[in-house]
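Structure first, commentary second.
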Protein chains: 2
Amino acid sequence: MPVKAGERLDPEATRARILKAASEVFTQRGIHATGINEVAEAAGASKLTIYKNFGSKDGLVEAVLTDRTQRVRAWHEQAVEQAAAGRERILAVFDLVASWYAEAGFRGCAMINAATEDRGQDGAPRRLAQDHLSFYRNLFQRLLTETGVCDPETTARQLVIVLEGATIISAVDRDPGLGAEARVIVETLLDAA
Amino acid sequence: MPVKAGERLDPEATRARILKAASEVFTQRGIHATGINEVAEAAGASKLTIYKNFGSKDGLVEAVLTDRTQRVRAWHEQAVEQAAAGRERILAVFDLVASWYAEAGFRGCAMINAATEDRGQDGAPRRLAQDHLSFYRNLFQRLLTETGVCDPETTARQLVIVLEGATIISAVDRDPGLGAEARVIVETLLDAA
DNA sequence: AGAACAGGATACCGATCGGTGTCATCTCGG
DNA sequence: CCGAGATGACACCGATCGGTATCCTGTTCT
C-alpha cells in the first residue's frame, strides 16, 4: 500500500497506518507467527520506520494492544450511553459484542489472545489483558449499581465470565450466534440478582 | 533428564515421555515460542527420536493435543460417575475445573490456547479445540437430560460458555477463585432452566 | 535554493527456527 | 557373542527471525 501524496511526511499518520496494519495482521495470523517484514509490507512502510516509531516488536505489540483496548472501551462507553437507562445498558454491551462476533475475520479479543500467546510471561500483553478485564468488571459494576442490584461486584464478575466465554467460543467455532446465547445468560443472571 | 535403565529401548515409553515433556513446555511457554530443541532437552530425548515418532512439529503438537483432550475427557467422565446423580453430576464438572485452576502453573485449556495461537488457520489445533468444546456440550447435554431440564441443548451451550469464560479469565488473572464463581453461575442457570 | 527530515528500498547481521544426516552407544533377541 | 534396532550427541542445512545500517527520494521549512 503506497503512501498517498496528501498524507506523506505526516509522522502521526504514518504511525497510525502502521498501528492499523499491525493490528489487522496480528489479529488474523497471530503475533508470534507474524514477522516485522509482514507488518511493514501490510503497512506500506519500511522496517526502519517501524523501529523508529516503536523501538522493538514488543513495543509495537504493546502500542497495538494499548490502542485496541482504548478503542474497545470507547465503543462500549458510547454504546452504553446511547442505551436506555437500567438493564438495557448492560444488554447493550452484549448487543455490541454480538455484532462484533458477526464481523468478517473476527478472531476474538486481541488482548486475551496476546496474553494467551505470551502465557507464562509477565509482560505487557498479560498486563493489558488484565486491565481490559478490569475495564469490563468496572463497567458492569457501575451499570449494575445504577440498576440497584444487591451485589453488583459479584454479578459484574459473572457477566465478565459470560462475555469472555462467549468471545472465545465464538472465535474458535466461528459462530456469531454466541452473542445471542450470552445475552440470554445475562438476562437470567440479572433476573436472579 | 537422562533415561533410567529400566525404561530404555521401550519405544512406547519414549513416546510417552516426549508427549509429557512437550505438553508441559508447550503449556508453560506457548507452542510457537517453543522450539523442538527445547522439547528434546525437556524430554531427555534427541531431535531424531522426536521426528521418528511424530514426523514434524505439527505432528507433535497434534499428538500432544490429542493426548491431552483424551485425558481431560477421561477425568471428567470419572468425576461425573463418582458424583451423586442429578445436579451434583453437573456441579462435579465445575468442582473438577476449580481444582484444576488451583494447580501451580495452570495456563488454561491447551486446546483453546493452541487454537488461539493458530488463529486464522484451519489446522489440527482448531479442529481439536472444536472437538473439545463439543465434548463439553455433549457431556452437559447428557447430564441435563438426565436431570429432566426442559431444553438441555440450550442450557448445555450456556454451561460451556461459563466453563470457558472462567477458564480463560483464571488463566489470565492467575486467579483460582473463578472456579467457585463459575459454580455459582451454574447453579443460577440450573435453577432457571 | 538549500538544509533538515521523514521515509522507502535494500542489504546485511547474528541468532534461531524446523528438519536432516552421521556416528557412536546401548539393549536385547538369537 | 553378535547383529539389529533404538537412541543420544552433534554437526549441519536453508529459511526466517528481530534488528541495524546504508543509500536515496521526496517533502517541508527557511
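All figures in this text were calculated on a predicted structure; none of them were measured in a lab.
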The side chain of B:Leu48 lies closest to which of these nucleotides: D:dT22, D:dG18, D:dT7?
-> D:dT7

Provide, to the nearest angstrom, the distance between the CG atom belonging to A:Leu60 and the C1' atom belonging to D:dC17.
-> 15 Å

Selection from D:dG18, D:dG8, D:dC17 that lies nearest to any side-chain heavy atom of A:Ile36 = D:dG18

Consider the side chain of A:Tyr51, meaning its heavy atoms from C-beta on, and name the nucleotide among D:dT20, C:dG18, C:dG8 that approaches it most closely.
-> D:dT20

Choose from C:dG19, C:dG8, C:dG7 the nucleotide whose nearest atom is closest to any side-chain atom of A:Ala45.
-> C:dG8

Tell me: CD of A:Glu62 to P of D:dG18, nearest whole Å?
-> 17 Å

Side-chain ion pair, A:Arg157 and A:Asp151, N-O less than 4.0 Å | no

note: B:Asp58, atom CG; C:dG18, atom P; distance rounded to Å ~ 10 Å

Send over the distance from A:Glu38 CD to D:dA15 C1', rounded to a whole Å.
-> 14 Å

Given C:dG8, is OP1 or OP2 found less than 4.0 Å from the side-chain N or O atoms of A:Thr49?
-> yes

Has the side chain of A:Lys47 got a donor or acceptor atom sitting under 3.5 Å from an opposite partner on the base of D:dG19?
-> yes

Rounded to whole angstrom units, what separation is found between the CD atom of A:Glu41 and the P atom of C:dG7?
-> 19 Å

What's the CD-C1' distance between B:Glu12 and D:dT7, to the nearest Å?
-> 16 Å

Contact under 4.0 Å: A:Thr14 side-chain N or O vs C:dG7 OP1/OP2 | yes

B:Arg71 atom CZ, neighbour heavy-atom count above 12 within 6.0 Å = no

Which nucleotide in C:dG18, C:dG8, D:dG8 has an atom nearest any side-chain atom of B:Lys57 | C:dG18

From the list D:dA9, C:dG7, C:dG8, which nucleotide is the closest neighbour of the side chain of A:Asn53?
-> C:dG7

Given side-chain hydrogen bond (donor to acceptor under 3.5 Å, both in side chains), test B:Ser170 with B:Thr167 step by step and report yes or no.
-> CA-CA 5 Å; B:Ser170 178; B:Thr167 299; over 6 Å; no

Integer-rounded Å distance: C:dG19 P and B:Lys52 NZ | 15 Å

Starting from C1' on C:dG8, measure out to CG on A:Asn37 and report it in whole angstrom.
-> 13 Å

Contact summary for A:Ile168 and B:Glu164, nearest pair of heavy atoms = CG2-CB, 4.0 Å

Does a nitrogen or oxygen in the side chain of B:Arg17 sit under 4.0 Å from OP1 or OP2 of D:dG8?
-> yes

Working to the nearest 0.5 Å, report the span between OH of A:Tyr136 and OG of A:Ser134.
-> 12.5 Å

